[in-house]
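Have a look at the structure below, then the notes.
Naming convention: chains lettered A, B, ... in sequence-line order (proteins, then strands); numbering from 1 in each chain.
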Amino acid sequence: MPTDAKPAIEAARRILAAVRAIPRGEVAGYGEVARRAGLPGRARMVARLLSHNEDPRLPWHRVLRSDGRIAFPEDSPGYIEQCARLRSEGVRVEGGRVRGKRAAATLDEQVWG
DNA sequence: CGCCTGACCACGT
DNA sequence: CACGTGGCCAGGC
């Protein structure tokens, strides 16, 4: 078997790499991460991966919805945690929304420079 | 194979 | 900016 992983596995690998590539203090949308991983239209796959992820080194908190909002309900522990982590990196969060960093998925490349 | 669910997205109002 | 609507994709049963 010539060292080739299953498509799904390879996709997951690339998505995680894209998430890890988000610089500290910066944020990105699920759809944006998917595109960056070469998987346009797979935003939900990114979300699914993060929801099952257990690697503490993965900067999952830098991934937001396309409108810059945190993807958890306001009262959930995930929301609290993400909010705290972002603020600790100097990211401004107001009303469950990140201000000033422009994480919208429609802004191709803008966040990634 | 159909049906339902989810850390989603784009678009119109 | 808030909401509702339809679309998309991967999994679980």
Side-chain angles (χ1 to χ4, degrees):
Chain A
M1 51 183 283
T3 70
D4 59 322
K6 286 184 176 182
I9 305 298
E10 182 59 21
R13 199 179 68 72
R14 281 157 59 182
I15 288 175
L16 293 179
V19 173
R20 283 190 292 265
I22 305 174
R24 183 184 175 74
E26 292 286 318
V27 294
Y30 289 89
E32 199 174 347
V33 169
R35 280 198 300 276
R36 189 76 178 77
L39 301 165
R42 274 48 169 199
R44 300 194 90 141
M45 187 179 186
V46 174
R48 191 179 165 316
L49 270 178
L50 294 190
S51 70
H52 286 273
N53 169 69
E54 291 184 21
D55 179 1
R57 286 165 305 135
L58 191 71
W60 57 269
H61 56 284
R62 297 179 192 153
V63 186
L64 313 170
R65 296 207 305 220
S66 64
D67 57 5
R69 274 184 167 291
I70 286 179
F72 290 105
E74 282 191 27
D75 43 38
S76 71
Y79 172 91
I80 309 283
E81 176 68 14
Q82 183 162 22
C83 237
R85 289 198 182 202
L86 286 173
R87 290 193 173 124
S88 75
E89 294 188 356
V91 177
R92 202 173 112 192
V93 187
E94 283 176 30
R97 176 184 332 170
V98 168
R99 311 283 297 194
K101 282 297 182 182
R102 277 304 173 182
T106 49
L107 304 179
D108 337 294
E109 308 296 312
Q110 198 152 331
V111 179
W112 300 91

Grab the [atom1]-[atom2] distance between [X] and [N] for me, whole Å please.
{"X": "Arg35(A)", "N": "dC9(C)", "atom1": "CZ", "atom2": "C1'", "value": "15 Å"}
{"X": "Lys6(A)", "N": "dA10(C)", "atom1": "NZ", "atom2": "C1'", "value": "14 Å"}
{"X": "Arg85(A)", "N": "dA7(B)", "atom1": "CZ", "atom2": "C1'", "value": "14 Å"}
{"X": "Ile15(A)", "N": "dC9(C)", "atom1": "CD1", "atom2": "P", "value": "14 Å"}
{"X": "Arg97(A)", "N": "dC1(C)", "atom1": "CZ", "atom2": "C1'", "value": "7 Å"}
{"X": "Leu49(A)", "N": "dC9(C)", "atom1": "CG", "atom2": "P", "value": "16 Å"}
{"X": "Trp60(A)", "N": "dC8(B)", "atom1": "CH2", "atom2": "P", "value": "13 Å"}
{"X": "Ile9(A)", "N": "dA10(C)", "atom1": "CD1", "atom2": "P", "value": "13 Å"}

For DNA chain B, find the residues of residues 51-59 of chain A with a heavy-atom distance under 4.0 Å and give them by number; none if there aren't any.
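Output list: Ser51(A).
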Donor-acceptor pair under 3.5 Å, Arg44(A) side chain vs dC9(C) base
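By the distance-only test, no, there is no pair.
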Can you see which heavy atom on Pro73(A) is nearest to which on Ser76(A), and at what distance?
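Closest pair (atom of Pro73(A), atom of Ser76(A), distance): O-OG, 2.8 Å.
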Phosphate-side-chain proximity, [X] and [N], N/O vs OP1/OP2 below 4.0 Å:
{"X": "Arg99(A)", "N": "dC1(C)", "value": "yes"}
{"X": "Arg42(A)", "N": "dG6(B)", "value": "no"}
{"X": "Arg69(A)", "N": "dA2(C)", "value": "yes"}
{"X": "Arg48(A)", "N": "dG6(B)", "value": "no"}

In whole Å, measure the gap between the P atoms of dA7(B) and dG7(C) for me.
22 Å
What's the verdict on side chain to side chain contact (heavy atoms under 4.5 Å, CB included) for Leu50(A) and Leu58(A), showing C-alpha distance, side-chain angles and the deciding distance?
CA-CA 9 Å; Leu50(A) 294 190; Leu58(A) 191 71; 3.7 Å; yes
Close side-chain approach of Leu86(A) to Val98(A), heavy-atom, < 4.5 Å:
yes
Going by heavy atoms in the side chains, are Gln82(A) and Trp60(A) under 4.5 Å from each other?
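Counting from C-beta outward, Gln82(A) and Trp60(A) do come under 4.5 Å.
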Scan Leu49(A), Val46(A), Ile15(A) and name whichever one has a side-chain contact (heavy atoms from CB on, under 4.5 Å) with Tyr30(A).
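Exactly one option meets the side-chain contact (heavy atoms from CB on, under 4.5 Å) with Tyr30(A), and it is Val46(A).
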Hey, does Gly78(A) reach any base, or is it just sugar-phosphate, or nothing, if we go heavy atoms under 4.0 Å?
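Nothing: the residue Gly78(A), judged by heavy atoms under 4.0 Å, touches no strand.
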Looking only at the side chain of Met45(A) (C-beta and beyond, no hydrogens), which of the listed nucleotides dA10(B), dC8(B), dA10(C) gets closest?
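Nearest nucleotide to the side chain: dA10(C).
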Just jot down the salt bridge (charged side-chain N to carboxylate O under 4.0 Å, His left out) partners of Glu89(A), sequence neighbours excluded, or say none.
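Salt bridge (charged side-chain N to carboxylate O under 4.0 Å, His left out) list for Glu89(A), sorted by chain: Arg24(A), Arg62(A).
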Salt-bridge criterion met for Glu10(A) and Lys6(A) (N-O under 4.0 Å):
no
